[in-house]
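The structure under discussion appears below in the form of structure tokens.
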Protein chains: 2
Amino acid sequence: MQTAPAAPVRFVPRETALRTPSAPAAVSTLCSTCHLKDLCLPCGLTGSDVQRLDGLKFARRRVKEGEALYHEGDRFQFVYAVRSGTFKSTLNLKDGREQVTGFQIAGELLGLDGLASGKHASSAIALEDTEICAIPYAHLTELATVSPDLHIAMSRMMSREIVREHGLMMLLGSMNAEQRLAAFLLNVSQRLKARGYSATEFHLRMMRVDIGSYLGMKLETVSRTFTAFQQQGLLKVDKKHVKILDLEGLQAIFDGQVH
Amino acid sequence: MQTAPAAPVRFVPRETALRTPSAPAAVSTLCSTCHLKDLCLPCGLTGSDVQRLDGLKFARRRVKEGEALYHEGDRFQFVYAVRSGTFKSTLNLKDGREQVTGFQIAGELLGLDGLASGKHASSAIALEDTEICAIPYAHLTELATVSPDLHIAMSRMMSREIVREHGLMMLLGSMNAEQRLAAFLLNVSQRLKARGYSATEFHLRMMRVDIGSYLGMKLETVSRTFTAFQQQGLLKVDKKHVKILDLEGLQAIFDGQVH
DNA sequence: CGCAAGGTTGAGATATTTCAATAGGAGTGG
DNA sequence: CCACTCCTATTGAAATATCTCAACCTTGCG
């Protein structure tokens, strides 16, 4: 994850997925030649299954910083795979605030929550300029009837999302501010590492208020907790730039060994 | 949900699913004649698909109060459908406490989180004497390759679980104690109503500490909040027996209209 | 009968929030 | 290029919701 030039766009235009694509012509993509194939949907599939996926020729699309890939309530047609960049998934609260339910980076899927009701249950907002693959769900389902392995891969993806949310519930239900932020940083670190980036130095793409929403705390508390970690010598922070100095120390906090 | 005689069993014996069944011979069950078919797995499926499910002849099993249907870490082989009674799903925390991630009643599925890794990611504990259908996942997957509708039904079930957890994250991340308990009670009320029980008067099968764990608050706070609701004339509580007097009032609290 | 478990209530402790002030950086426009 | 503004982040101090610890009550069961 390297620094990207910040785009000025801050508003979130109402735009239905792929109806008004940012790029004039959609570029199609093959899973078999994708550098993310070991992290993304094709992970664990055999060559013939991946070739079947190739047959779908997923449309590629760019989503600029601040724009929405889809909004809560939009019709569910596609599952999306992040090719590059970072998204946040959000729910609209009744009082107008938003609740962040997750952050997605390269190789991760977006939109699986839309299947339940046929409408997206959350919005996906780009936190920087991004590129995604749009995977037509109907076609994917068709393929899954031919390939049991693909069916299993899809189910596993969804199950993984359930497990991820379990972990988050644990976090929100039973941990204090330091444990939550430690958990968050360790999680980011580990995901970046899996993608070949540094596990200890990175730019957070989201604002304090987003981290706070995700972790169930106020942005000021996030900021104070960063400062506290820095004072404990666990990391160095400068706004969005984080350098972790003591991964085990963070882990110990997460594990509740430090009070 | 009517009052059941409380069983004395409180401990949780280590017992692998179906390896040492409580009942000597497993009774098999047909979806087509099940009174839960409109709530459970077959919901939305056509007659021929339901007949295919019938062919699997799901084993039925009783799980007594306090016993585990499966434990975190057990090998994942079955998805379970609750026929009667109530379960709680729990995660083990590193410090020995447990985090409740959900409560399941008749017609709801258990175990979908096990698919991700092939091991159950949570434990399922019976809160009263219960009966379940054990659905062999491998067979279900096989059937899904024949029937696209079944594939979709399964995916939808998982997606629904994701959406449910989204809601819980919203709760845990952004609501105060009164809103959380109101949300919980409204949810219980609505689920019981969908099963033909009273929406306003019911027995909670779980202890205060379980409700607290689920809602991310201490048992004393749960108790105090019940008392507060009673003083506001929203409901009457006597231990586990709850009678809701003002559903809209609870909804208003949930919606954050009352501070 | 007496004990253990579950639930309620009170009072003080504490973590986090709220409100408010400050500062730095990025983009804008003259 | 500089002044200006807006946005984000930081920090302090006071307010508050929830937790903690403790006592007490009720109930069911051995």
ask   = Relative to Phe226(B), does Lys239(B) satisfy both conditions: NZ or CZ under 6.0 angstrom from the six-membered ring centre, and within 45 degrees of the ring's axis?
value = no
May I have the distance from [X] (atom [atom1]) to [N] (atom [atom2]), rounded to whole angstrom?
{"X": "Lys240(A)", "N": "dG25(C)", "atom1": "NZ", "atom2": "P", "result": "14 Å"}
{"X": "Gln231(B)", "N": "dT8(C)", "atom1": "CD", "atom2": "P", "result": "12 Å"}
{"X": "Asn176(B)", "N": "dT18(C)", "atom1": "CG", "atom2": "C1'", "result": "15 Å"}
{"X": "Gln179(B)", "N": "dA17(D)", "atom1": "CD", "atom2": "P", "result": "12 Å"}
{"X": "Glu65(B)", "N": "dG6(C)", "atom1": "CD", "atom2": "P", "result": "10 Å"}
{"X": "Arg97(B)", "N": "dT20(D)", "atom1": "CZ", "atom2": "C1'", "result": "13 Å"}
{"X": "Leu219(A)", "N": "dT11(D)", "atom1": "CG", "atom2": "P", "result": "13 Å"}
{"X": "Leu181(A)", "N": "dT10(D)", "atom1": "CG", "atom2": "P", "result": "11 Å"}

Is any side-chain N of the basic residue among [X] and [Y] closer than 4.0 Å to the acidic one's carboxylate O?
{"X": "Lys64(B)", "Y": "Asp129(B)", "result": "no"}
{"X": "Glu108(B)", "Y": "Arg191(B)", "result": "yes"}
{"X": "Glu98(B)", "Y": "Lys88(B)", "result": "yes"}
{"X": "Arg205(A)", "Y": "Glu65(A)", "result": "no"}

ask   = So, for Phe78(B) and Tyr70(B), is the gap between ring centers shorter than 6.0 Å?
value = no
Check: Tyr214(A) ring centre within less than 6.0 Å of Phe103(A) ring centre = yes
Show me the protein contacts with nucleotides 19-23 of chain C, counting only N or O atoms at under 3.5 Å.
unit_1, atom_1, unit_2, atom_2, d
dC19(C), N4, Glu220(A), OE2, 3.3

With respect to the side chain of [X], which nucleotide from [options] is positioned closest?
{"X": "Met207(A)", "options": "dC19(D), dT8(D), dT17(C)", "result": "dT8(D)"}
{"X": "Arg208(A)", "options": "dA9(D), dT17(C), dT16(C)", "result": "dA9(D)"}
{"X": "Ser223(B)", "options": "dT9(C), dC19(D), dT17(C)", "result": "dT9(C)"}

message = Pick the closest DNA chain C nucleotide for Arg180(A) and for Lys239(A) by heavy atoms, then say which residue is nearer the 5' end.
response = Arg180(A)
inquiry  = If the cut-off is 4.0 Å, is Thr221(B) near the phosphate of dC19(D), judged by side-chain N/O to OP1 or OP2?
reply    = yes
